[in-house]
Protein chains: 2
Amino acid sequence: MTVTSRDVAQLAGVSQPTVSRALRDDPRVSEATKVRVRQAAARLGYVPSDVGRALSSGRTRRIGLLLTDLENQFYPHIIAPAFHQLESLGYQLMLHTEAADNDVVAERLISNGLDGVLLATSTIDSVVPLRLRDRGLPFAYFNRTSTAVHADSAVVNPLRGMDEAAAALIECGHRRIAAILGPANTSTAINRENALREALAHHGVSIPAHYVHRGPFDTATGQAGTQRFLEMAEPPTAIICGNDVVAFGALNAARSAGVDVPGDVSIVGFDDLPSAAWPIIRLTTIAYDLDAMVRRAVELLVDRIENPQRPVEESAFESRLVMRDTLGHIR
Amino acid sequence: MTVTSRDVAQLAGVSQPTVSRALRDDPRVSEATKVRVRQAAARLGYVPSDVGRALSSGRTRRIGLLLTDLENQFYPHIIAPAFHQLESLGYQLMLHTEAADNDVVAERLISNGLDGVLLATSTIDSVVPLRLRDRGLPFAYFNRTSTAVHADSAVVNPLRGMDEAAAALIECGHRRIAAILGPANTSTAINRENALREALAHHGVSIPAHYVHRGPFDTATGQAGTQRFLEMAEPPTAIICGNDVVAFGALNAARSAGVDVPGDVSIVGFDDLPSAAWPIIRLTTIAYDLDAMVRRAVELLVDRIENPQRPVEESAFESRLVMRDTLGHIR
DNA sequence: CTCCTTGTTGCATACGTATGTCTATAATAA
DNA sequence: TTATTATAGACATACGTATGCAACAAGGAG
């Protein structure tokens, strides 16, 4: 059923290695032979086998993207640019998700024969980076990092965005400010929390413990946190969310509670997903160049694969506040 | 650097084939040997190579999912359940996107050594199904079908949903009804259009040509179509959208134009994505069990791989109207 | 005591491609 | 003419695993 390079070789009257070389346009094969081989290949409908190639060359030209929750609205915005950037570099993308057992995940990544891995959801205590390093399997951090292993990374620097957000909140008269943050074992959540607290501190404002809600970066977290805040005797007048998806949950909770945004409570997101700009949402949020960040992570990873000795490079992307309709003056 | 089954064999004092069998728990290997082999494997940190396995066994245990636009909000809701269902069956998922040249896509699918392919975006005139069939590469249609090749499929039957939607529209006094439909070369768009027209015909209503807008299933299409409709001298009082993502675009356009939904215009979607139920959206839409449909497509495909002779099975999923807040009485 | 089973393992080989080395032929220079 | 080099292709082999088959030992049946 399958046509192999041997079949092509036979039809073209050459050896199998010559077919291999001819079809990859190796200069060692004469033009006349190339033509003959290409014709034979076309006649037989020959399609080279990636598996055979991978085994022989020791490279699959496939890289893995490790995520947690595939349903999350955030991920398509990673997957799409990563896919296209990799495609343009001649690589393919393979999705993987974290499982309860980190070691199982690492084994799967290794057994897959991937040329490299993009870690988009590493917790700071994950063993995956360790396992990959021990195997010599190249990887890069995207969006999050782990302190356990130093490696190439592309992340957001939340400082400026949080500064601008804090200034805008203060300017609008907000003093009772709450935060819905991501999991405490992610660098993303930690960095954003630190940046936020520092920015508010410049204005003499701090976030009390009861105004902090933590949970996964999903809508349910935003919804639960906001609901909790709104039921308080003295609810916050503004809620900063760990990311846009969380903020969408917050908007939902406010709407469900019949609470006006930004009249009764202001809500700020982080990421500036395309849907944040939708006229029916118009979320005030902290933006950065997500596409460029993805492309950078891919670029770093592929370069690392092809050039293992290069020093580690940590790429940070600037953030800024985008004012829309969910942040307003206190009533 | 890489530990192979040979290394394990040497350490355990057995032959390489025995390692292969022992680790896969082959009954032909004695328990004592299995223990020895497993210990040796653990000590060396041996992880079997999928590539070697694939070449030897002729199967990769990977299936491809062919999509068009990875950014589309619709796809995460396909990718996630497909991924998990495949994982539970011991398969891995590989994303692929359509390209300008269909033949290139088909070649890529074939060269990848996939065990099967899920076609989620076939146009009715795509050559991909033909190429796959010619190669004997199993595939199944998801959501859309192509008439060119008969194959397993899991699709929505829009009849009931459209009937209920038409009845609700008429009940609410709508007569000037517009439609924003998908690409004319997709079975999905055709089936939904036919179902809609038929349903309306029962009530003596038809959709004039100028009330029809066609385009890809994305928000831009919904936005453009709605904007066009709203600028008309006699705009429609209701707009039926090809799917929810299109409907989101329609909602955006209405909001941008300062037009009230459903006061000035009603909007109906199709798919009932999780976000359609969000309190800040509350889209009236036609629902079906998307998760079950995905799982069914995966199930059919995997079964086809393992049991090639089974007769073709076409699975249709019932649809129904979900009333929320974007369909209301005409003013 | 021989034959046959049963259970366990090793041997040989296949899967499809890539690549280092060697050879034959032709072209060039002396 | 001969020696030298360049060129083009063949040959051999490697990559890591799986699997049909042979081999062998131990034990039971006749």
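Letters A, B, ... are given to chains in the order of the sequence lines, protein chains preceding strands, and every chain is numbered from 1. Worth knowing before you read on, the calculation uses all heavy atoms, side chains too, and leaves out hydrogens, waters and symmetry mates.
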Base, sugar-phosphate, or nothing for [X], non-hydrogen atoms under 4.0 angstrom?
X	result
B:V51	nothing
B:V19	nothing
A:V14	sugar-phosphate

Can you tell me the distance, in whole Å, between the [atom1] atom of [X] and the [atom2] atom of [N]?
X	N	atom1	atom2	value
A:L23	C:dA18	CG	P	9 Å
B:R59	D:dT19	CZ	P	10 Å
B:R53	C:dG16	CZ	C1'	18 Å
B:R61	D:dT17	CZ	P	17 Å
A:I110	D:dG16	CD1	C1'	16 Å
B:Q10	D:dG16	CD	P	14 Å
B:N112	C:dT17	CG	P	14 Å
A:D26	C:dG20	CG	P	10 Å

Any salt bridge linking B:R310 with B:D152? Criterion: basic side-chain nitrogen under 4.0 Å from a carboxylate oxygen.
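Salt bridge flag = yes for B:D152 with B:R310.
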Is there a side-chain contact between [X] and the phosphate of [N], meaning an N or O under 4.0 Å from OP1 or OP2?
X	N	value
B:S30	C:dT9	yes
B:S49	D:dG16	no
A:R24	C:dT17	no
A:R21	C:dT19	no
B:S20	D:dT17	no

Could you please name the option among [options] that lies closest to any side-chain atom of [X]?
X	options	answer
A:L55	D:dT17, C:dT17, C:dG16	C:dG16
B:P17	C:dA12, C:dT17, C:dT9	C:dA12
B:S57	C:dT17, D:dA18, D:dA10	D:dA18

Angle between the two end axes of the helix from C:dC1-D:dG30 to C:dA30-D:dT1, five base pairs per end, rounded to 10 degrees?
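For the helix from C:dC1-D:dG30 to C:dA30-D:dT1, the axes at either end differ by 60°.
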Taking ring pair (Phe, Tyr, Trp, His ring centres under 6.0 Å) as the cut-off, I'd like each qualifying pair that reaches into residues 101-141 of chain A, sequence neighbours left out, listed once.
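Ring pair (Phe, Tyr, Trp, His ring centres under 6.0 Å) check on residues 101-141 of chain A returns A:F139-A:Y141.
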Checking only heavy atoms, does the side chain of B:Q16 share a donor-acceptor pair with the base of D:dA18 at less than 3.5 Å?
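Answer is yes: a donor-acceptor pair is held.
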Using only modelled atom types and a 3.5 angstrom limit, is any donor from either the side chain of A:R28 or the base of C:dT21 paired with an acceptor on the other?
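Side chain to base: pair found, below 3.5 Å.
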Side-chain touch [X]/[Y], heavy atoms, less than 4.5 angstrom:
X	Y	answer
A:S146	A:P129	yes
B:S49	B:T4	no
B:I305	B:R59	yes
B:F142	B:S122	no

Residue closer to the 5' end of DNA chain D, A:R6 versus A:S15 (nearest nucleotide):
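Going by which nucleotide is closer to the 5' end, it is A:S15.
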Partner of B:H96 under side-chain contact (heavy atoms from CB on, under 4.5 Å), chosen from B:L118, B:V128, B:N112
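One option only clears the test, and that one is B:N112.
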More 5' along DNA chain C: B:S56 or B:V29, using each one's nearest nucleotide?
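On the 5' side of the pair lies B:V29.
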Residues 22-34 of chain B side chain polar contacts: donor-acceptor under 3.5 Å, at least two apart:
residue, atom, partner, partner atom, Å
B:R24, NE, B:S20, O, 3.2
B:R24, NH2, B:S20, OG, 3.0
B:D25, OD1, B:K34, NZ, 3.3
B:D26, OD1, B:R28, N, 2.7
B:S30, OG, B:T33, N, 3.3
B:S30, OG, B:T33, OG1, 2.8
B:E31, OE2, B:R38, NH2, 3.4
B:K34, NZ, B:D26, O, 3.2

